[in-house]
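A short write-up of the structure that comes next.
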Number of protein chains: 2
Amino acid sequence: MSETIGARQAQRHKTRRALLDAALSLLEEQSLGSLGLREVTRVAGVTPTAFYRHFRDTEELGIALVDEALQSLHATVRSTLAASGEAAQRIDTTVDLMAELVREYPAHIRFIVRERHGGVRRVREAVSGQLDAFAREVAERLGADPLGAGWSADDLLMLARLYVDHMVMTVSAYLAAGPDDGEWAAVTRTARRQLRLIHAGRLHWPVGRARPEPDAL
Amino acid sequence: MSETIGARQAQRHKTRRALLDAALSLLEEQSLGSLGLREVTRVAGVTPTAFYRHFRDTEELGIALVDEALQSLHATVRSTLAASGEAAQRIDTTVDLMAELVREYPAHIRFIVRERHGGVRRVREAVSGQLDAFAREVAERLGADPLGAGWSADDLLMLARLYVDHMVMTVSAYLAAGPDDGEWAAVTRTARRQLRLIHAGRLHWPVGRARPEPDAL
DNA sequence: CAAAATAGGAGACAGTTGTGCACTGACTGC
DNA sequence: GCAGTCAGTGCACAACTGTCTCCTATTTTG
């Protein structure tokens with residue numbers, strides 16, 4: 001019924017995936033700049049020339065990986081942030097989500113964290129761009145929250161950036177911790193309390209001014 | 001009189017510096033993992049063989065760079081953090097210090113930020129280790145502050161980590177901003193306000209204790 | 001002042017890299 | 001059902017890499 005599949009495109013997509021997966025696994029122990037085209041094809045089980053049918057060079061492959069990683073991540077995080085409830089609960093849920101993401105897509109997340117400040121300009125810019133867009137979205141959501149009433153757009157973005165950066169630091173900490181250790185639990189504890197502290201600051205912002213809050217302390 | 005430097009050691013030290021500087025300049029546009037031994041010696045103006053007289057491989061050179069970068073940075077930051085005064089003023093001074101560091105040692109700082117999550121394990125661990133030690137020192141200082149009275153050691157470290165991570169994010173933002181732009185000023189503004197917000201949270205910590213939430217779920 | 005020490009250089013080695021070219025064989029639209 | 005498309009192969013090439021062994025020139029030392 002649907003001609004959308006096509007045995008040809010199926011094969012094409014399959015080797016493309018093989019290339020992406022090969023790169024992803026190799027990138028667990030090196031960075032994109034040192035990733036060789038041949039190296040990738042060797043692991044993927046295809047010849048070097050086949051690589052060119054999909055990507056001009058490893059840089060372009062990297063950009064594809066950025067899109068892939070941040071797209072799925074974006075969707076997941078967005079749906080979770082949309083949940084409402086009490087602040088403390090939302091903080092816990094968010095941190096748990098980070099942990100789950102790291103457990104489920106370690107390679108993707110490691111790649112993003114690594115290449116965010118990595119040596120390949122265009123990939124770095126791609127990551128920064130997506131993270132900026134994400135921060136803007138978070139800012140918008142913060143503005144919709146009753147707590148964000150009266151905040152300037154600038155302040156909202158400032159806070160959103162803090163949250164996003166903290167998110168990256170947290171997933172990075174999870175990655176550094178072995179999955180078995182109690183180190184993992186320590187990361188959770190620290191991340192939660194840091195978010196609670198930031199939240200406390202948020203309740204008393206701007207610093208000098210009194211908040212329209214029924215004496216929250 | 002003969003205990004002076006010695007012409008031989010002087011020459012040795014000179015080419016060692018040349019190697020480090022060459023690497024540092026090359027690392028502005030790539031990461032350590034892709035840094036070639038020959039590449040470094042070419043820029044340094046020596047032969048590949050001379051490299052071995054100083055470092056076993058580029059990894060070892062990287063570790064030397066970590067020490068060099070974080071040692072001077074550590075000293076500078078420590079002296080500035082030691083200054084006392086009003087909180088708002090100290091925040092401004094700290095952020096100004098970050099800006100100054102980036103302006104003065106851009107290559108060193110870029111290297112640290114990049115290799116913190118980079119592809120070379122031992123270098124990554126070296127950076128993390130130094131940053132952890134730095135965080136512990138900050139925690140100790142926070143504990144000495146009257147504001148830190150009554151905080152658990154765990155909470156102090158949690159806050160110190162937040163500060164150190166924020167510091168790294170800030171210098172990274174400065175690096176990404178062109179030195180001429182008004183972007184630079186924007187980074188300063190954002191960093192200051194983020195620190196003020198964290199400071200506000202610090203004043204109201206711990207959060208939930210003996211404090212009735214308005215409408216718990 | 002001669003002999004030992006040593007920072008650095010010359011050249012060569014095998015291995016790897018990215019990329020071009022001609023080719024094959026399966027799929028697909030007409 | 002046939003001709004064209006195209007994903008993937010095989011092979012070759014020059015360039016580059018890390019590392020080896022010898023060699024040179026200058027400093028140090030007894």
Side-chain angles (χ1 to χ4, degrees), chain A residues 1-27 29-65 118-123, chain B residues 1-27 29-65 118-123:
Chain A
M1 45 175 77
S2 62
E3 297 189 341
T4 53
I5 263 299
R8 184 145 239 161
Q9 295 237 338
Q11 175 61 22
R12 176 177 167 84
H13 188 74
K14 188 176 147 198
T15 60
R16 184 188 147 96
R17 255 267 60 88
L19 287 170
L20 289 172
D21 288 343
L24 224 35
S25 89
L26 285 167
L27 285 171
E29 284 174 9
Q30 59 185 305
S31 49
L32 186 66
S34 65
L35 188 69
L37 177 156
R38 287 185 108 106
E39 201 178 357
V40 176
T41 60
R42 199 179 305 128
V43 174
V46 295
T47 52
T49 355
F51 185 93
Y52 293 109
R53 299 270 182 201
H54 299 272
F55 310 102
R56 202 187 316 271
D57 45 32
T58 51
E59 177 173 317
E60 199 173 294
L61 189 160
I63 294 180
L65 279 180
V120 185
R121 171 120 46 110
R122 288 188 56 199
V123 172
Chain B
M1 55 175 73
S2 58
E3 293 297 346
T4 48
I5 212 57
R8 188 147 237 163
Q9 294 234 342
Q11 175 61 21
R12 177 176 167 84
H13 188 74
K14 189 175 146 196
T15 61
R16 185 188 148 96
R17 256 263 65 86
L19 287 170
L20 289 171
D21 288 343
L24 224 35
S25 88
L26 285 166
L27 285 171
E29 285 175 9
Q30 58 184 305
S31 49
L32 186 65
S34 65
L35 188 67
L37 177 157
R38 287 185 109 105
E39 202 179 357
V40 176
T41 59
R42 199 180 305 127
V43 174
V46 295
T47 52
T49 344
F51 185 93
Y52 292 109
R53 301 269 180 194
H54 298 271
F55 310 102
R56 201 187 319 270
D57 45 32
T58 51
E59 177 174 317
E60 199 174 293
L61 190 159
I63 294 179
L65 279 180
V120 185
R121 171 123 45 110
R122 289 188 54 200
V123 172

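Everything numeric in this text was worked out from a predicted model, so none of it was measured. Order of the sequence lines sets the chain letters (A, B, ...), proteins ahead of strands, with each chain counted from 1.
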Between B/Arg42 and B/Ala7, whichever has its closest DNA chain D nucleotide further toward 5' is B/Arg42
- Message: Quiz question: going by heavy-atom distance under 3.5 Å, is there a donor-acceptor pair between the base of C/dT6 and the side chain of B/Arg8?
- Response: yes
Whole-Å distance, A/Phe51 CZ to D/dG8 C1', equals 14 Å
inquiry  = Between the base of C/dT19 and the side chain of A/Arg56, is there a donor and acceptor pair under 3.5 angstrom?
reply    = no
Is a side-chain donor or acceptor of B/Asp21 paired with a backbone partner of B/Leu24 at a separation under 3.5 angstrom? no
In whole angstroms, the gap separating P of D/dT19 from CD of B/Glu59 amounts to 12 Å
Worksheet item: Within the structure, does a side-chain N or O atom of B/His54 lie under 4.0 Å from either OP1 or OP2 of C/dA7?
Response: no
### Query
Which part of the nucleic acid, if any, lies within reach of A/Arg12 when heavy atoms closer than 4.0 Å are counted: base, sugar-phosphate only, or nothing?
sugar-phosphate
*asked:* Under 4.0 Å from OP1 or OP2 of D/dG8: is there any side-chain N or O of A/Thr15 that close?
replied: yes
Rounded to whole Å, the OH-C1' distance (A/Tyr52 to C/dT17) equals 10 Å
Separation of C/dA26 atom P from A/Gln11 atom CD, nearest Å, is 12 Å
For B/Arg53 and B/Arg12, indicate whether the former's side chain and the latter's backbone hold a donor-acceptor pair under 3.5 Å. no
Q.
Any N or O donor-acceptor pair under 3.5 Å from the base of D/dG10 to the side chain of A/Thr49?
A. yes
Original post:
Between B/Leu19 and B/Thr41, is any pair of side-chain heavy atoms under 4.5 Å apart?
Top reply: yes
Atom CG of B/Leu61 and atom C1' of D/dG18 are separated, to the nearest Å, by 15 Å
Kindly indicate whether the side chain of B/Arg53 and the base of C/dT6 share any N or O donor-acceptor pair separated by less than 3.5 Å?
no
Scanning both residues in full, the closest heavy-atom pair of A/Leu65 with A/Ala23 reads CD1-CB, 4.3 Å
In whole angstroms, the gap separating C1' of D/dT26 from NZ of B/Lys14 amounts to 14 Å
Heavy-atom closest pair (B/Phe55 atom, B/Arg16 atom, distance to 0.1 Å) is CE2-NH1, 3.6 Å
Atom CZ of A/Arg16 and atom C1' of D/dG8 are separated, to the nearest Å, by 16 Å
Rounded to whole Å, the CG-C1' distance (A/Asp57 to C/dT17) equals 14 Å
Per atom distances to the B/Pro48 side chain, the nearest of D/dA12, D/dG8, D/dT19 is D/dT19
